[in-house]
Protein chains: 2
Amino acid sequence: MEWNHSLNTQGLARGGMKKRGVTSKDVAKLAGVSQSAVSRCFSPHAKVSEATRQKIHKAARELGYRPNSIARSLITRSSQTVAVVFQSLENPFYSTMLERASRFFQEQGYFLQLFAASPGDSIDDVIDGLIRSQVEGVLMLAITLDAEQAAMLTDLSIPIVIINRTVAYDGVSQVSGDNFHGGYWAAQHLVRCGHQRFAYLAGLDGTSTSDQRRDGFIAGLADKGAELHSQDIGNYRYDDALLAARRLLSSSTPPDAIFAANDLMALAVMEAARHEFHLSVPEELAIIGFDDVPMAAWPSHALTSLAQPVTDMIARATELLMTQIHDPETIPQHIKLPVVPMVRGSTRSLR
Amino acid sequence: MEWNHSLNTQGLARGGMKKRGVTSKDVAKLAGVSQSAVSRCFSPHAKVSEATRQKIHKAARELGYRPNSIARSLITRSSQTVAVVFQSLENPFYSTMLERASRFFQEQGYFLQLFAASPGDSIDDVIDGLIRSQVEGVLMLAITLDAEQAAMLTDLSIPIVIINRTVAYDGVSQVSGDNFHGGYWAAQHLVRCGHQRFAYLAGLDGTSTSDQRRDGFIAGLADKGAELHSQDIGNYRYDDALLAARRLLSSSTPPDAIFAANDLMALAVMEAARHEFHLSVPEELAIIGFDDVPMAAWPSHALTSLAQPVTDMIARATELLMTQIHDPETIPQHIKLPVVPMVRGSTRSLR
DNA sequence: GTGAAAGCGCTAACAT
DNA sequence: ATGTTAGCGCTTTCAC
């Protein structure tokens, strides 16, 4: 204990020196109890007498003791940590979800580790990090895994919930909007409004959301005897969508209706159409987005969009993850939530 | 080892059962070496012969071994984790910073733990979490600490970098824009454009950014012989700013120029002015924001704003934090970066 | 109710 | 270069 003595006499006084924190042993010594008594005292179901509880808390407060959760994790084999993996936070749809998830897990007494999946890179490095840090569950924000990657985690009984992407195998939970019907509605609505040349602005190539929305859009057109006039890709990003919009609208026979795979891109189309091509929206160009981010409702944009129930989605996803963490027998679920058309000024009124 | 035997014969085969992960001991046994050899093999400066390295890696790959970083953290007393604490991610200014920070720390081999500071609540709970989880550094996104709270962390030699808030004491680093001069410029610009009634839309009450921008604004007005006509508060949030804008513009003598403490609020003012009060911007109402988020530059908004160098800010902050983590002797710095006026259509042209 | 003792999975001396 | 040993700070039997 001489070591701790030196800590208290000079370690705290001088700045800059790397010192170890207060341990349960220090508290035990000051309180005159055993180290295990201190440990019990900081456990939820403390079997300690009121008298010792007092002594220990007093000593703990004096020393500024906080249980080291790393040591706790090692012995209990539970990190009390969940991971959130994301691609990009440019879309407020995802930053909102992250914020909600963060608050939710924090309330549940869990820590949240954040992992960024770089667009180009493989996600294997992220998976490695997830396993090394022993997270107890993973929330994937618009991240796809193949079956093998998912198995790496689920084999270690680390549950996964994927938001806004669908995968073809079981074993992971997923929560997403009804992309197909969203696309379908967009097509039917545009046809009903009397448009002729329908373009699709895709999100990220090969993502389930983008593909399903496109498939629904094409099916919706087909059922009205119409077909896709043109398409381009905007990677779900504003800047890329701006470039795509310019390409689409520069055509000698440009589309008169564009369905974009998310609002961010739809708004880029709107900016380009109005301010670069001087088209009136919706008379000369109708635009529909997806997500219904708050900006879509701003009167300047008045973007018709398919609202994804973001509050519901993140709540279902986080609760599902917690359930699976607490009971590993829980069957992973595939939840598909309805999307709701929000008709605004970026599409013509019917008739 | 009988335990591990049962693990391998049935644990992996059956699903749903909670099993422990592969440890360095398992790998050692399979490779026919000591456990410490395995440990060395996964350390940066491995002093192992090529032969054993091969054997170990082969065994590790076979078993799917990954070092348990919790155990490593316990012995090395370093969690390889930094924390980011935020209030809200509604403003893309912060979600962008978070994304950048996440990628930066990940590249440096650090984990990132995310903590949400609830608006009303004290952040003592967050501080408790930071200490318990033994983070090695803390990035505060627009979070203020008082001296005592900061000392809790710095006494444990956990460096803190505060972004976009300033505090009056030393011991923590801070990176922010030059709020005062930003406000000063806004005032001078509005006066030069010929406006008469100047309103300030404050951010969150008592935050350094909001106060400094207001003080600069008032000083800028005063130097032109003008003064503040009215002010209101929007809590840095879109919705609250919308309400504030309605209050300001409903006055019998409404302002003809509003300086908002951030772009999100400025855009709310713009929406209300144009679409609810049918005012032309900038002829009847000039608007200036702060931050220069991407949306500000969209032609529909063309918001004059004071650009904060977000890329620079987050880079300086993260690098500073890493420096302080690696060398505890590093003196905390207070960095104030210049803000750059971006003149756009929401203010009249001069003369 | 309380303490002694045995680890959790790893790293880091210290021998060899 | 490799193995042996002693912990990191905590939780959790197990006696008492």
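Sequence lines set the chain letters: A, B, ... in the order given, protein chains first and strands last, and positions in each chain run from 1.
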Nearest-Å distance for atom pair CZ/C1', residues Arg53(A) and dT2(C): 16 Å
With sugar-phosphate meaning primed atoms plus P, OP1 and OP2, does Val33(A) contact a base, only sugar-phosphate, or nothing at under 4.0 Å between heavy atoms? sugar-phosphate
Please state how far atom CZ in Arg77(B) lies from atom P in dA12(C), giving the value in whole angstrom units. 11 Å
For Leu145(B), run the side-chain contact (heavy atoms from CB on, under 4.5 Å) check against Val85(B), Val126(B), Ile160(B) and tell me which one passes. Ile160(B)
Using whole Å, what does the distance between atom P of nucleotide dA4(C) and atom NZ of Lys25(A) come to? 12 Å
Residues Phe42(B), His57(B); criterion ring pair (Phe, Tyr, Trp, His ring centres under 6.0 Å); working and verdict: CA-CA 9 Å; Phe42(B) 284 87; His57(B) 273 133; 5.5 Å; yes
With sugar-phosphate meaning primed atoms plus P, OP1 and OP2, does Ser39(A) contact a base, only sugar-phosphate, or nothing at under 4.0 Å between heavy atoms? base
Whole-Å distance separating the CG atom of Asn68(B) from the P atom of dC10(C): 5 Å
Would you kindly give the CD-to-P distance between Gln80(B) and dG9(C), to the nearest whole Å? 20 Å
Has Glu148(B) got more than 12 heavy atoms of other residues, nucleotides or ligands less than 6.0 Å from its CD? no
Ile75(A) CD1 - dG9(C) P separation (whole Å): 9 Å
Any side-chain N or O of Thr23(B) less than 4.0 Å from the OP1 or OP2 oxygen of dG9(C)? no
Classify the nucleic acid contact of Ser36(B) as base, sugar-phosphate or nothing, counting any heavy atom under 4.0 Å across all strands shown. base
Which is the 5'-most and which the 3'-most nucleotide of DNA chain D that has an atom under 4.0 Å from a heavy atom of chain B? dA1(D) to dG9(D)
On DNA chain D, nearest-nucleotide positions of Tyr65(A) versus Arg40(B): which is more 5'? Arg40(B)
Interatomic spacing from CD in Gln80(A) to CZ in Arg72(A) - rounded to 0.5 Å: 7.5 Å
Checking all strands, does Thr52(A) fall into the base, sugar-phosphate, or nothing category for heavy-atom contacts under 4.0 angstrom? sugar-phosphate
Just how far is it from atom CG of Leu30(B) to atom CD1 of Ile56(B), taken to the nearest 0.5 Å? 11.0 Å
Have Arg100(B) and Thr311(B) got a donor and an acceptor in their side chains that come within less than 3.5 Å? yes
Give the rounded distance in Å between these two atoms: NZ of Lys29(B) and C1' of dG9(C). 17 Å
Lys55(A) has an atom NZ; how far is it from atom C1' of dT2(C), in whole Å? 10 Å
Which value, rounded to the nearest 0.5 Å, describes the distance between Ser95(B) atom OG and Tyr94(A) atom OH? 14.0 Å
